[in-house]
Amino acid sequence: MADVAIAIVSWNLRDRLAACLESLRADHEAGRAEVWVVDNGSSDGSPQLVREHHPWVRLIACERNLGYGPAVNLVAARTNTTPWLAPANADLRLEAGALAALLEAGARDPRAGALAPRLVLPDGRTQHSVHPFPSVRVATAVNLGLGARVPGLGERLCLEGHWDPERPRAVPWAHGALLLVRRRAWEAAGGFDDAMWFYAEDLDLCWRLRRAGFTVRYVPSARVHHEHAAAATAAWGDERHVRSQAAAYAW
């Protein structure tokens with residue numbers, strides 16, 4: 001049995017999905033991961049790509065777009081014996097050793113319910129992918145520019161432009177582009193909320209992991225290339241920022 005069930009959710013990202021799957025082939029062949037693709041009703045031939053060129057991948061081809069969290073929950077229900085579950089976007093490419101680095105970090109810290117990699121943008125910068133939980137206090141600190149004015153505050157709160165992306169640490173929550181989630185933590189938290197179609201489901205999961213007694217750890221040695229918001233940009237363009245904020249405030 002593989003250590004990890006990787007649940008890739010894809011919608012009309014055929015070429016990016018192909019690159020993502022190639023980056024996971026070595027982990028599959030090493031017996032480290034079983035790879036699943038949940039295709040959310042793509043019209044670009046993505047299911048055919050998986051069937052014809054990646055027969056080692058397990059495909060769930062949906063007739064409609066289920067959203068991100070509900071699609072991952074389908075894989076979680078079918079793989080409940082794997083020790084780890086990894087929800088993932090299709091616009092990712094894992095560097096060699098990234099998944100192993102996440103597993104090693106999880107083995108060192110049994111309280112870690114989820115491990116988050118360093119997300120590397122196409123221009124080589126590290127994506128700001130870890131955050132404090134939203135609160136009036138955090139919003140006040142951001143809007144008053146206290147991350148720059150109060151020594152150490154921006155680093156401690158993981159505020160954009162003021163955090164050290166080289167330092168491994170426990171964080172309140174991390175982006176769900178790729179998370180390695182301990183199975184018993186996933187079950188304790190209840191998985192993703194099916195009512196959250198897209199955006200903020202990672203925030204919600206990390207909140208519930210904390211309430212269940214687990215931490216979320218950022219692991220910068222695990223490098224994952226990310227074409228940030230590829231599917232969301234195709235669907236909504238710049239409106240994706242408004243939708244993301246609306247989902248966070250609704251949460």
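Side chains are part of it too, since the values below use all heavy atoms of this structure and drop only hydrogens, waters and symmetry mates. FYI, the numbering just counts along the sequence from 1.
- Here the side chains of Ile8 and Leu24 are in contact, with some heavy-atom distance below 4.5 Å.
- With sequence neighbours left out, Ala188 forms a side-chain contact (heavy atoms from CB on, under 4.5 Å) with Ala212, Phe214.
- Each of Arg118, His225, Glu160, His175 was compared with Gln127 under the side-chain contact (heavy atoms from CB on, under 4.5 Å) criterion, and only His175 meets it.
- Atoms CG and OG, on Asp91 and Ser10 in that order, are 9.0 Å from each other to the nearest 0.5 Å.
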Report task. Would you please test Ser46 and Asn12 for side chain to side chain contact (heavy atoms under 4.5 Å, CB included) and show each step? Result -> CA-CA 7 Å; Ser46 292; Asn12 288 329; 5.6 Å; no

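- In terms of hydrophobic clustering, with Ile, Leu, Val, Met, Phe, Trp and Tyr side chains grouped at heavy-atom distances under 4.5 Å, Val4 and Val181 are assigned to different clusters.
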Requested in this report: Carefully, step by step, assess His131 and Leu159 under the rule side chain to side chain contact (heavy atoms under 4.5 Å, CB included).
Outcome: CA-CA 7 Å; His131 303 272; Leu159 299 183; over 6 Å; no

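- Here the CG atom belonging to Leu17 is positioned 8.0 Å from the OG atom belonging to Ser42, to the nearest 0.5 angstrom.
- Classification of the His128-Trp163 ring pair by plane angle, with boundaries at 30° and 60°, yields tilted.
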Without placing hydrogens or testing angles, list every side-chain donor-acceptor pair under 3.5 Å for residues 103-117, not counting sequence neighbours.
unit_1 : atom_1 : unit_2 : atom_2 : d
Asp109 : OD1    : Arg111 : N      : 3.1

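- Contact check on Glu22 versus Arg93 returns no salt bridge, with no Lys/Arg side-chain nitrogen under 4.0 Å from an Asp/Glu carboxylate oxygen.
- For the pair Leu205 and Pro87, the minimum side-chain heavy-atom distance is 4.5 Å or more.
- No side-chain heavy atom of Trp84 sits less than 4.5 Å from a side-chain heavy atom of Arg183.
- Looking at heavy atoms from C-beta onward, Trp207 lies out of side-chain contact with Pro172 at the 4.5 angstrom threshold.
- A donor-acceptor pair is defined here as one N or O able to donate and one able to accept, closer than 3.5 Å; such a pair exists between the side chain of Tyr218 and the backbone of Pro165.
- Counting heavy atoms from C-beta outward, Leu179 and Leu102 have side chains that stay 4.5 Å or more apart.
- Atom SG of Cys62 sits about 14.0 Å away from atom CH2 of Trp11, to the nearest 0.5 Å.
- Inter-residue side-chain proximity for Phe133 and Leu203 is flagged as met; some heavy-atom pair is nearer than 4.5 Å.
- Rounded to the nearest 0.5 Å, atoms CZ (Arg32) and CG (Leu99) are 6.5 Å apart.
- The backbone N or O of Pro132 sits less than 3.5 Å from a side-chain atom of Trp173, completing a donor-acceptor pair.
- Annotation: the span from Asp39 atom CG to Arg14 atom CZ amounts to 11.5 Å, rounded to 0.5 Å.
- Under the 4.5 Å side-chain heavy-atom criterion for ILVMFWY residues, no single connected hydrophobic cluster contains both Val224 and Val216.
- A distance-only check finds a donor-acceptor pair linking the side chain of Asp44 to the backbone of Leu13 [under 3.5 Å].
- Heavy atoms of other residues, nucleotides or ligands lying less than 6.0 angstrom from CD of Glu29 number more than 12.
- Between the Asp27 side chain and the Ala33 main chain, no donor and acceptor come within less than 3.5 Å of each other.
- Inter-residue side-chain proximity for Leu85 and Thr79 is flagged as met; some heavy-atom pair is nearer than 4.5 Å.
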Query - Derivation and outcome, ring pair (Phe, Tyr, Trp, His ring centres under 6.0 Å), residues Trp186 and Phe192 - result: CA-CA 8 Å; Trp186 172 270; Phe192 282 132; 5.3 Å; yes

Please output the side-chain donor-acceptor pairs of residues 49-59 that fall under 3.5 Å, not counting sequence neighbours, one pair per line with the distance.
none

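- Contact detail for Thr82 and Ala2: the closest heavy-atom pair is CG2-O, 3.9 Å.
- Electrostatic pairing of Arg78 and Glu34 does not count as a salt bridge here, judged by no charged N lying under 4.0 Å from a carboxylate O.
- A continuous path of ILVMFWY side-chain contacts below 4.5 Å connects Leu119 to Leu180, so both sit in one hydrophobic cluster.
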Query raised in the report: For Thr215 and Arg210, what are the C-alpha separation, side-chain angles and deciding distance, and is it a side chain to side chain contact (heavy atoms under 4.5 Å, CB included)?
Result: CA-CA 6 Å; Thr215 62; Arg210 174 173 285 195; over 6 Å; no

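- Between the side chain of Tyr68 and the backbone N or O of Gly176 there is at least one donor-acceptor pair closer than 3.5 Å.
- Of the candidates Val9, Leu21, Ile6, Ile60, Val37 forms a side-chain contact (heavy atoms from CB on, under 4.5 Å) with just one, namely Leu21.
- Annotation: the span from Leu92 atom CG to Cys20 atom SG amounts to 5.5 Å, rounded to 0.5 Å.
- Residues Val75 and Val38 have side chains in contact (heavy-atom distance under 4.5 Å, counting atoms from C-beta outward).
- With hydrogens and angles ignored, the 3.5 Å screen pairs no side-chain donor or acceptor of Glu63 with any backbone N or O of Gly41.
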Query raised in the report: Can Arg169 and Val171 be said to form a side chain to side chain contact (heavy atoms under 4.5 Å, CB included), step by step?
Result: CA-CA 6 Å; Arg169 69 183 82 185; Val171 298; 3.5 Å; yes

